[in-house]
Q: 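I have a structure here, written as structure tokens, and I will follow up with some questions on it.
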Amino acid sequence: MLYLDKDHDPRENAAILAQYGNVLDLTKTIKETEQLFNQVRVNKATHHVHRSGGSFPQKIASAFFRLLSMTTEPDNLIKVKVDPEGNVIPDWKELLDEELSNLHKNLVKEVNVVDFGAVGDGKTDNTNAFKKAIGSGKVKVVVPAGVFITKGIQLPSWTILVGAGKGVTTIKLHDSADKATRLITNANHWNGNHHLFVGSLSLDWNVERLGNVAKTSTWGNHSSCLTYANVTYGWVKDVEARNPGLHCFDISSTLYNYAGDGFRARGGSKYVWLDNLNGYGFGDDGVTTHHSDYIFISRCHMCDPSGRTHKKGFSNSNGIEVDDGSRNVLLVNNSSARCFGGVEIKAHENSSAASNVQIVGHISVNDNRSFNFRHIGHHKNAEPESKTAYNIIATNLVAITPIFTELYKDSTPRGMVISAYKNVVVTHFTLIGDPDYDYTGNPVVAVQYRARNVVLKQIFVKNFKKAGSDIKVFGGENRADSVRIHDVMSQNSAPKAVVAGKDITVITLENVKSVDNYL
């Protein structure tokens, strides 16, 4: 069975996807998936259940965050296309390429941090050397091979920071750095920065300096290897992140915002590309986005979180998380291993859901929940219906042996869970289990908790012999509805290919086959 370690090269993901049977004409597949989406999409709530706004402290917090918020407006999905080299890209990548050219044109000089007194011996404090080299920006700062200790680096606009490669150049937090320290971030979170590029190096948050603390992070978007907060036009390419207290890579607003469903933070990042990144040992998530727009995440591999941001046994640590208020996010040919969620698209109860998210190619290996789409606190019939959990398209997915995990002890394994979201289309999805692994009678794919307008098509499921069903659409008062399931092949798998619960009003099954080759 496939095993992806922390040194896995995510540039190989496209080839691995092809090995698992998903050899696709991507131009055709993307077009067909978009057509399915346009057939089912609805952009209004069917009903809304009102309830009290929480405790007095929660109301005070909500009122504060609303001062820093804007209302969420409906938006259309970004267009995705295939370039002449066969790469899947967003339709705004041409703009990003133009701005990268502008970044290079606006540089005044190129410097080497060693010329400002930096020493890559793993001992010397180079904080001041980096400050001097970076100055006020409009500079390309080269960091040669070595381990460079710092108490944190802040990048002004028009700055490039590059090393000699992952594992060759390492920037590491000083032993005396505060727990809240971001190893690399932009200089001005409130007014924002623009045109930042970080590449070709490793980032070591040095969690060991904290000892055996109960929690490795502080609050908000602190405690991460790299944080872009309120950044327009940003690139992070060919970077490894090790053992951050919170996140490896956080594309964020100035502050995380909890003003309520229907509100988004001001000061979000936009037009950011993350490519060929590795991350492991993260306290919460490998890659995360909050209240940001037009984010492109490609060829990244996140694995083996510590989960130490959370209480032991309750760690929602995801490989890639598209979180609160994020919109227009494209994920292409990424991978995850041994996380709670491989890819989680979600929001907290007191924030807007991530929306307009597209996945084209992802490999999940031994994650507890390979793909998890949910808006917490908006699942049950007694809870308010989500105003913002809309629009997910996913194609060319592979989920391999989801498992139980110590990260979240009470969470049962799933290849996919869809909760609360509307307008979800998933095509060309391969799920491969272990026939001897005890899935305790649970379903492999769950469509549940008031999910609506869901299409599952071209689904191949194999070897989940001890699951209850390959696909289950949950009924009852919290039922999913308006679900279409087409072209399912279940091979040597669960006793039932598809199960539908009671009270579901609209469900369509077409071309569902189950075969057992063990006989």
Side-chain angles (χ1 to χ4, degrees), residues 10 72 75-81 87-100 184-186 189 192-199 221 224-237 239 241 247-254 256-257 264-277 279 284-302 318-334 336 341-347 351-362 373 388 390-394:
T72 298
D75 199 6
N76 294 320
L77 276 169
I78 59 172
K79 293 293 183 181
V80 175
K81 60 184 181 181
N87 301 305
V88 177
I89 57 173
D91 60 356
W92 49 266
K93 184 175 177 294
E94 184 175 339
L95 170 64
L96 199 62
D97 292 342
E98 291 175 1
E99 294 302 330
L100 182 59
I184 293 180
T185 191
N186 54 299
H189 288 194
N193 293 103
H194 56 88
H195 294 88
L196 301 179
F197 186 108
V198 176
N221 57 29
S224 296
C225 281
L226 184 144
T227 299
Y228 280 172
N230 197 359
V231 168
T232 302
Y233 305 125
W235 298 260
V236 186
K237 306 193 77 171
V239 175
H247 302 132
C248 291
F249 306 95
D250 188 344
I251 310 305
S252 174
S253 52
T254 304
Y256 293 171
N257 191 286
R264 300 179 72 231
R266 298 184 185 276
S269 295
K270 55 189 175 185
Y271 299 112
V272 177
W273 185 10
L274 310 180
D275 182 58
N276 189 27
L277 308 182
D284 192 14
D285 305 308
V287 175
T288 190
T289 71
H290 294 82
H291 299 282
S292 296
D293 289 272
Y294 304 107
I295 311 301
F296 183 23
I297 304 169
S298 62
R299 304 186 306 173
C300 296
H301 177 63
M302 302 290 139
N318 305 296
I320 299 176
E321 177 188 74
V322 186
D323 205 351
D324 300 333
S326 298
R327 300 191 310 181
N328 304 314
V329 180
L330 174 62
L331 286 64
V332 176
N333 290 346
N334 300 296
S336 55
V343 175
E344 182 166 80
I345 302 171
K346 85 166 205 304
S351 189
S352 293
S355 62
N356 293 353
V357 181
Q358 299 190 61
I359 309 170
V360 183
H362 188 95
F373 311 150
T388 51
Y390 284 94
N391 301 352
I392 298 173
I393 291 178

Q: Taking the side chain as every heavy atom from C-beta outward, state whether Val88 and Val80 have any atom pair closer than 4.5 Å.
A: yes
Q: Is the backbone N or O of Asn318 less than 3.5 Å from a side-chain atom of Asp285, with the two atoms forming a donor-acceptor pair by type?
A: yes
Q: Could you check whether the rings of Tyr256 and His247 sit parallel, tilted or perpendicular, using 30° and 60° as the cut-offs?
A: tilted
Q: Could you walk me through whether Asp324 and His290 pass the side-chain hydrogen bond (donor to acceptor under 3.5 Å, both in side chains) test, one step at a time?
A: CA-CA 5 Å; Asp324 300 333; His290 294 82; 4.8 Å; no
Q: What is the distance from atom SG of Cys225 to atom CZ of Phe249, rounded to the nearest 0.5 Å?
A: 7.0 Å
Q: Give me the atom names and distance for the closest heavy-atom approach of Asn334 to Ser298.
A: OD1-C, 3.2 Å
Q: Minimum heavy-atom separation for Gly279 and Cys248, please, with both atom names.
A: CA-SG, 3.7 Å
Q: Just wondering, do Asn257 and Arg266 contact through their side chains at under 4.5 Å, heavy atoms?
A: no
Q: Determine whether Val236 and Tyr228 make a side-chain contact, defined as any pair of heavy atoms from C-beta on separated by less than 4.5 Å.
A: yes
Q: What closest approach, in Å, do His195 and Trp235 show between heavy atoms, and which atom pair accounts for it?
A: CA-CZ3, 4.1 Å
Q: I'd like to know whether Phe296 forms a side chain to side chain contact (heavy atoms under 4.5 Å, CB included) with Leu96, so could you lay out the CA-CA distance, the side-chain angles of the two residues, the decisive distance to 0.1 Å, and finally the verdict.
A: CA-CA 10 Å; Phe296 183 23; Leu96 199 62; 5.6 Å; no
Q: What distance separates Leu196 CG from Asn186 CG, expressed to the nearest 0.5 Å?
A: 6.0 Å
Q: Is a side-chain N or O of Ser252 found less than 3.5 angstrom from the main chain of Ala229, in a donor-acceptor match?
A: no
Q: May I ask you to decide if Ala353's main-chain N or O and Thr388's side chain share a donor-acceptor pair within less than 3.5 Å?
A: yes
Q: Would you give the length of the straight line joining atom CG of Leu77 to atom CG of Asn356, rounded to the nearest 0.5 angstrom?
A: 4.5 Å
Q: Against Ser336, only a single residue in His362, Glu344, His301 fulfils side-chain hydrogen bond (donor to acceptor under 3.5 Å, both in side chains); can you say which?
A: His362
Q: Just checking Tyr233 against His194, ring centres under 6.0 Å apart?
A: no
Q: Contact between Ile251 and Ser269 at the side-chain level, heavy atoms closer than 4.5 Å - yes or no?
A: yes
Q: Nearest 0.5 Å, please: how far is CD in Glu98 from NZ in Lys93?
A: 11.0 Å
Q: For Ser326 versus Thr289, what's the shortest heavy-atom pair and its separation?
A: OG-OG1, 2.8 Å
Q: List the atom of Ser253, the atom of Asn221, and the distance in Å for their closest heavy-atom pair.
A: O-ND2, 3.2 Å
Q: Could you tell me which non-hydrogen atom of Ala265 sits nearest to which non-hydrogen atom of His291, and how far apart they are?
A: N-ND1, 3.1 Å
Q: Does any part of the side chain of Ile297, heavy atoms only, come nearer than 4.5 Å to the side chain of Val287, both counted from C-beta?
A: yes
Q: Pick from Asn328, Ile78, Thr232: which one makes a side chain to side chain contact (heavy atoms under 4.5 Å, CB included) with Asp293?
A: Asn328
Q: Show the numbers, then the answer: is there a side chain to side chain contact (heavy atoms under 4.5 Å, CB included) between Ile345 and Ile359?
A: CA-CA 11 Å; Ile345 302 171; Ile359 309 170; 4.2 Å; yes
Q: Under 4.5 Å between any side-chain heavy atoms of Val332 and Arg299, yes or no?
A: no
Q: Given the rule in the side chain to side chain contact (heavy atoms under 4.5 Å, CB included) test, do Gln358 and Leu330 qualify, once you have shown the distances and angles that lead to the verdict?
A: CA-CA 5 Å; Gln358 299 190 61; Leu330 174 62; 3.9 Å; yes
